[in-house]
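One structure below.
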Protein chains: 2
Amino acid sequence: MKYIDKLRNSGLRPTKQRLQICEVLFNTERTFHFTINELEKKIKDKIDSKISLATIYNTVHAFEKKGYLKQIPVNSNQTYFDTNTTNHHHFYNLKDGKLIDLENSDVGPINIKRKIDGKKIKSIEVLVKLED
Amino acid sequence: MKYIDKLRNSGLRPTKQRLQICEVLFNTERTFHFTINELEKKIKDKIDSKISLATIYNTVHAFEKKGYLKQIPVNSNQTYFDTNTTNHHHFYNLKDGKLIDLENSDVGPINIKRKIDGKKIKSIEVLVKLED
DNA sequence: AATCAGTTTATAATGGTTCTAAACAACTGT
DNA sequence: ACAGTTGTTTAGAACCATTATAAACTGATT
């Protein structure tokens, strides 16, 4: 199957739950943003069996660690994730808490001129907050 | 006093607690980043009387609403604030959760070319995550 | 001084996330 | 195929930052 190898190659056992979550997360036309809460709802809608909330947390964190998901830094009580793991940035609509992708061509290259000794840059993320 | 007018002009009553918090936040050589937890400790160290945690939350939110503090978008279970409210960006050290200011000259101007109908840009924030 | 509105406070409630430990399922070697 | 091992799932409890509550208090106004 599609995701079994992906999981095995990452050292993750391809369990039924993980494969189902893969379907919801990655078998889509477009990438999307989600909170755990929203993902839980999506899973409930898409499959008839039930996956424990703890498993959803575990899986999302495992996938993030393997680089299949990215956390998006926003000020919210909930953590936002992105199935689009390429370098890109976001609008954040303060009114409804929704994120919108910004193409790199919409922002232009960002050049960090300063260096911190002994550290390397893991990611550069731009958040553009929107209000009415 | 120094902060009485500042508070009055913002429609905030200059209470003993707010003035004390002003001292801790604004009567400093340099601006700094903090979580509520860290601020609570700082207040305890600096003053002998005690300020309720609820008041610290209330005050920080009131100050943020008035533009005297800024929230910094990071992925953390705690909310980070900045006493530097000018436009600038941050390094985020994933190892210890500490923030480092990035001067605008270290990043260069960021030009958001895309517009969202009916929305205006409230802020543009760059977060550069650091790892070893 | 009296009144009113805003503020502080201790405490409870909330809610997202993590922990626990027992049941279960996938892998390994035979 | 089987047994043993290790990784995974699960429900529920625990955790902890934050917010709500509502009573006491304080600053401003008259």
Side-chain angles (χ1 to χ4, degrees), chain A residues 1 3-25 33-44 47-66 68-69 71-81 97, chain B residues 1 3-25 33-44 47-66 68-69 71-81 97:
Chain A
M1 289 299 252
Y3 299 111
I4 291 185
D5 293 338
K6 178 174 181 164
L7 291 173
R8 277 227 187 79
N9 293 338
S10 320
L12 298 172
R13 287 187 184 170
T15 64
K16 183 175 58 131
Q17 291 85 345
R18 282 178 180 158
L19 290 169
Q20 288 174 328
I21 294 175
C22 276
E23 287 294 328
V24 174
L25 289 177
H33 313 113
F34 65 92
T35 64
I36 296 286
N37 221 350
E38 292 166 351
L39 179 59
E40 196 191 9
K41 281 201 206 89
K42 249 194 170 95
I43 290 170
K44 263 191 200 137
I47 69 175
D48 39 337
S49 55
K50 187 194 154 198
I51 298 180
S52 159
L53 183 57
T55 299
I56 298 176
Y57 272 100
N58 288 341
T59 302
V60 166
H61 286 144
F63 286 2
E64 193 213 349
K65 194 172 278 179
K66 296 299 179 184
Y68 303 143
L69 292 173
Q71 263 191 258
I72 304 168
V74 284
N75 294 125
S76 165
N77 58 326
Q78 297 186 222
T79 306
Y80 281 73
F81 294 90
Chain B
M1 288 299 253
Y3 299 110
I4 292 183
D5 292 339
K6 178 174 182 164
L7 292 173
R8 278 227 186 79
N9 294 338
S10 322
L12 298 171
R13 285 191 185 165
T15 64
K16 184 175 57 133
Q17 291 87 344
R18 283 179 180 158
L19 290 169
Q20 287 173 327
I21 293 174
C22 277
E23 288 293 329
V24 174
L25 289 178
H33 313 114
F34 65 91
T35 63
I36 295 287
N37 219 351
E38 291 165 351
L39 178 60
E40 196 190 9
K41 281 201 206 89
K42 249 195 169 96
I43 290 171
K44 263 191 199 134
I47 69 175
D48 40 336
S49 54
K50 186 195 154 200
I51 298 181
S52 160
L53 183 57
T55 299
I56 298 176
Y57 273 98
N58 288 341
T59 302
V60 165
H61 286 144
F63 286 3
E64 193 214 347
K65 194 171 279 179
K66 296 299 179 185
Y68 302 144
L69 291 173
Q71 264 190 258
I72 304 169
V74 283
N75 293 126
S76 164
N77 57 329
Q78 296 187 222
T79 306
Y80 281 73
F81 294 89

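Every chain is numbered from 1, with letters handed out A, B, ... down the list of sequences. Atom set for the values below is all heavy atoms of this structure, side chains included, hydrogens, waters and symmetry mates excluded.
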- Spacing of B:L69 atom CG and B:I21 atom CD1 [to the nearest 0.5 Å]: 10.0 Å

- Message: Applying a 4.0 Å non-hydrogen cut-off, can you work out what A:T55 is touching in the nucleic acid: base, sugar-phosphate, or nothing?
- Response: base

- Item | Where at least one partner belongs to residues 35-44 of chain A, residue pairs that pass side chain to side chain donor-acceptor pair (under 3.5 Å), sequence neighbours excluded | A:T35-A:Q78, A:E38-A:K98

- Taking only the side-chain nitrogens and oxygens of A:K16, find out if one of them lies under 4.0 Å from OP1 or OP2 of D:dT9. no

- Task: Measure the OG1-CD1 distance between A:T59 and A:I51 for me, rounded to the nearest 0.5 Å.
- Result: 7.0 Å

- Using a cut-off of strictly less than 4.0 Å between a heavy atom of the residue and any atom of DNA chain C, enumerate the qualifying residues of residues 4-13 of chain B by number. B:L12, B:R13

- Task: Starting from C1' on D:dT9, measure out to CG on A:L19 and report it in whole angstrom.
- Result: 14 Å

- Derivation of the side chain to side chain contact (heavy atoms under 4.5 Å, CB included) call for A:V60 and A:F34: CA-CA 11 Å; A:V60 166; A:F34 65 92; 4.3 Å; yes

- Do B:L19 and B:I4 have side chains that get closer than 4.5 Å, going by heavy atoms? yes

- Task: Starting at atom CZ of B:R18, determine the distance to atom P of D:dC25, rounded to an integer number of angstrom.
- Result: 19 Å

- Task: Kindly write out the residues that satisfy side-chain hydrogen bond (donor to acceptor under 3.5 Å, both in side chains) with A:Q71, not counting sequence neighbours, or none if the list is empty.
- Result: none

For nucleotides 18-21 of chain D, tabulate all protein N/O to nucleotide N/O atom pairs closer than 3.5 Å, reporting atom names and distance.
| unit_1 | atom_1 | unit_2 | atom_2 | d |
| --- | --- | --- | --- | --- |
| D:dT18 | OP1 | B:T79 | N | 2.8 |
| D:dT18 | OP1 | B:T79 | OG1 | 2.7 |
| D:dT18 | OP2 | B:Y57 | OH | 2.7 |
| D:dT18 | O5' | B:Y57 | OH | 3.3 |

- Bend across the helix from C:dA1-D:dT30 to C:dT30-D:dA1, to 10°, with axes taken over 5 pairs at each end? 30°

Could you list the donor-acceptor pairs under 3.5 angstrom formed between side-chain atoms of residues 10-18 of chain B and any protein atom two or more places apart in sequence or on another chain?
| unit_1 | atom_1 | unit_2 | atom_2 | d |
| --- | --- | --- | --- | --- |
| B:S10 | OG | B:K6 | O | 2.6 |
| B:S10 | OG | B:Y68 | OH | 2.4 |
| B:T15 | OG1 | B:R18 | N | 3.2 |
| B:R18 | NH1 | B:R13 | O | 3.0 |

- Note on the structure: Rounding to 0.5 Å, atoms CD1 (B:I43) and CD1 (B:I56) come to a distance of 4.0 Å

- Item | ring-ring contact (aromatic ring centres under 6.0 Å, His included) involving B:Y80 - partner list, sequence neighbours excluded | none

- Item | Start and end of chain B contact along DNA chain C [non-hydrogen atoms, under 4.0 Å] | C:dA5 to C:dA10

- Report the distance from atom CD1 of A:I47 to atom P of D:dT9, rounded to the nearest whole Å. 12 Å

- For B:E64, which residues count as a salt bridge (Lys or Arg N to Asp or Glu O under 4.0 Å) partner, sequence neighbours excluded? none

- Query: What's the spacing between A:N58 CG and A:L53 CG if we round to 0.5 Å?
  - Reply: 9.5 Å

- Considering all heavy atoms, the nearest B:V74-A:P73 contact: CA-CB, 4.0 Å

- Query: Roughly how far, to the nearest 0.5 Å, is the CG atom of A:L39 from the OH atom of A:Y57?
  - Reply: 10.0 Å

